[in-house]
Amino acid sequence: MANVAVIGAQWGDEGKGKVVDWLSNRAEVVVRFQGGHNAGHTLVVGDRVYKLSLLPSGVVQGKRSVIGSGVVVDPWALLDEIARVGAQGVAVTPDLLTLADNASLILPLHRDLDGAREAQAGAGRIGTTGRGIGPAYEDKVGRRAVRVADLADPQALEARITRLLAHHGALRRGLDLPEVDGEALKRDLLELAPKVLPFARPAWRVLQADVRAGRRILFEGAQGTLLDVDHGTYPYVTSSNTVAGQAAAGAGVGPEAVGFVLGIVKAYTTRVGEGPFPTELFDENGRRLGERGREFGTVTGRQRRCGWFDAVLVRQALAISGAHGVALTKLDVLDGFERLMVCTGYRLGPDLLDHLPAGMSAQAAVEPVYEVLEGWGESTAGGRSWRDLPAAAVKYVRRLEELIEAPVVILSTSPERDDVILVRDPFQG
Ligand code: IMP
């Protein structure tokens, strides 16, 4: 029996929520290991829709859940989300949720900075979710973050805030932002401490016990590989590592505990925010993908940019994470297209590339080389076995497998939890 790490193999929004929800059924513990409440995972269970940003998806099914130290945590957003799912009948108690006591906090000053920088950058903006994610990670690696454990120690908290404000004071003056009242910040944090601290404990220890007991752990990645701070379309990325290697570091387990790496791949491509997107469509096909796929951001409500499947990017993403297999989602969105294009390489001047180059100008300049595949008129929605799919749809999937050099182990055919074709159970390794 293996553990499973789920990672996005495109620019996020690959449909991880549904796959993670489905896998949570089989897991005993679900762990978030990076990102923060910039993530948006939509879970559809019967007639209920849950929208999670920070909580691991397992909470909806009453599974034990862990927010690891690789996550940046806005404590106000955490408490709001707990209250929100509580109102939907999901009780998130300290027995159910562990919050790593060494996780760094997102504070209102991080959100201020995120917003002010984006506003100042004009056309050069990243298109962030505005949640303060980047500035919070900067303070973490700058060794001046306030961490969860500081909430239990008013003296340490005061020292942390003083150090943090010395840094932010200078930044804020440069951006014409008002000074932060350190006393008020400390008071606010100490006020919410009694609500947050019952969840706080050493996550690594909780997970060590789970690993030793052989409990099935699901590591739930957020965002996607092309948004990874090292491997993505830098600087148009998020500020964390989103690849499978981060599951170990951000949870506090050894790399072997990560187990089966499952890449989540959408049958076409989308991205929100700015940055290069070689197969982006600006025509009727793009509009149709967006409409049929309901491509609006869960967190910000922004319309997602849409394009054809890019096998170059996905192959690269799966290689970087050492993915063992893929969950392919939203195939049904392609129903009714006469022809489908798949990007198999890039042209850059006289060169033909089989990977995305690292340079910013090169990333913006690559031109996709397409292969044309036959579409299908029939519906694939709700298919639960290969026999339910038209031959051209099966052919499309098989060709993608060849191009991305990984097998499809799960095929998701609608937003409904049970509409999947299972080829191989990732928990079986
Ligand atoms: P940030 O993570 O808010 O700093 O945003 C940086 C970039 O990542 C922007 O392009 C966002 O649109 C993108 N991003 C962040 N979180 C997600 C997500 O969960 N899905 C898709 N894109 C995301």
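Just follow the structure's listing: the first ligand is 1, and inside any ligand the first atom is 1.
The nearest heavy-atom contact from the protein to atom 3 (O) of ligand 1 is Thr129 OG1, 2.6 Å. Nearest to atom 10 (O) of ligand 1 among the protein's heavy atoms is Val272 O, 3.3 Å. Here the protein heavy atom with the shortest distance to atom 2 (O) of ligand 1 is Thr238 OG1, 2.6 Å. If you check which protein heavy atom lies closest to atom 12 (O) of ligand 1, you get Arg302 NH2, 3.0 Å. Closest protein heavy atom to atom 5 (O) of ligand 1: Thr128 CA, 3.3 Å. In terms of protein heavy-atom proximity, atom 23 (C) of ligand 1 is closest to Leu227 CD1, 3.6 Å. Looking only at protein heavy atoms, the nearest one to atom 6 (C) of ligand 1 is Val237 O, 3.3 Å.
For ligand 1, the atoms closer than 4.0 angstrom to any heavy atom of Asp13 are 20 (N), 21 (C). Close approach of ligand 1 to Trp11 (heavy-atom distance below 4.0 Å) involves ligand atoms 21 (C), 22 (N). Close contacts of ligand 1 with Gly127, meaning ligand atoms under 4.0 Å from a residue heavy atom, involve 9 (C), 10 (O), 11 (C), 12 (O). With ligand atoms numbered from 1 in the order given, ligand 1 contributes 10 (O) to contacts under 4.0 Å with heavy atoms of Gly273.
Selection from Gln223, Lys16, Glu274 by nearest heavy atom to atom 16 (N) of ligand 1 gives Gln223.
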- Begin with the C-alpha distance, continue with both residues' side-chain angles, and end with the deciding distance and a verdict on side chain to side chain contact (heavy atoms under 4.5 Å, CB included) for Leu281 and Trp308. CA-CA 7 Å; Leu281 290 167; Trp308 296 121; 3.3 Å; yes
- Task: Carefully, step by step, assess Leu105 and Asp74 under the rule side chain to side chain contact (heavy atoms under 4.5 Å, CB included).
- Result: CA-CA 6 Å; Leu105 297 185; Asp74 179 328; over 6 Å; no
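For the pair Ala222 and ligand 1, no heavy-atom separation below 4.0 Å is found. For Tyr236, the heavy-atom gap to ligand 1 stays at 4.0 angstrom or more.
For the residue pair Thr233/Arg271, the side-chain donor-acceptor check at 3.5 Å is satisfied. Side-chain N/O atoms of Thr98 and Arg201 include a donor and acceptor closer than 3.5 Å. Side chains of Thr242 and Gln223: no donor on one and acceptor on the other come within 3.5 Å. Under 3.5 Å, the side chains of His231 and Asn241 contain no donor-acceptor pair of N or O atoms. For the residue pair Gln61 and Asp21, a side-chain donor N or O sits within less than 3.5 Å of a side-chain acceptor on the partner.
For the atom pair CG (Leu97) and OG1 (Thr93), the distance works out to 8.5 Å, reported to the nearest 0.5 Å.
Judged by a 6.0 Å distance limit and a 45° cone about the ring axis, Arg302 is not positioned over the six-membered ring of Phe296.
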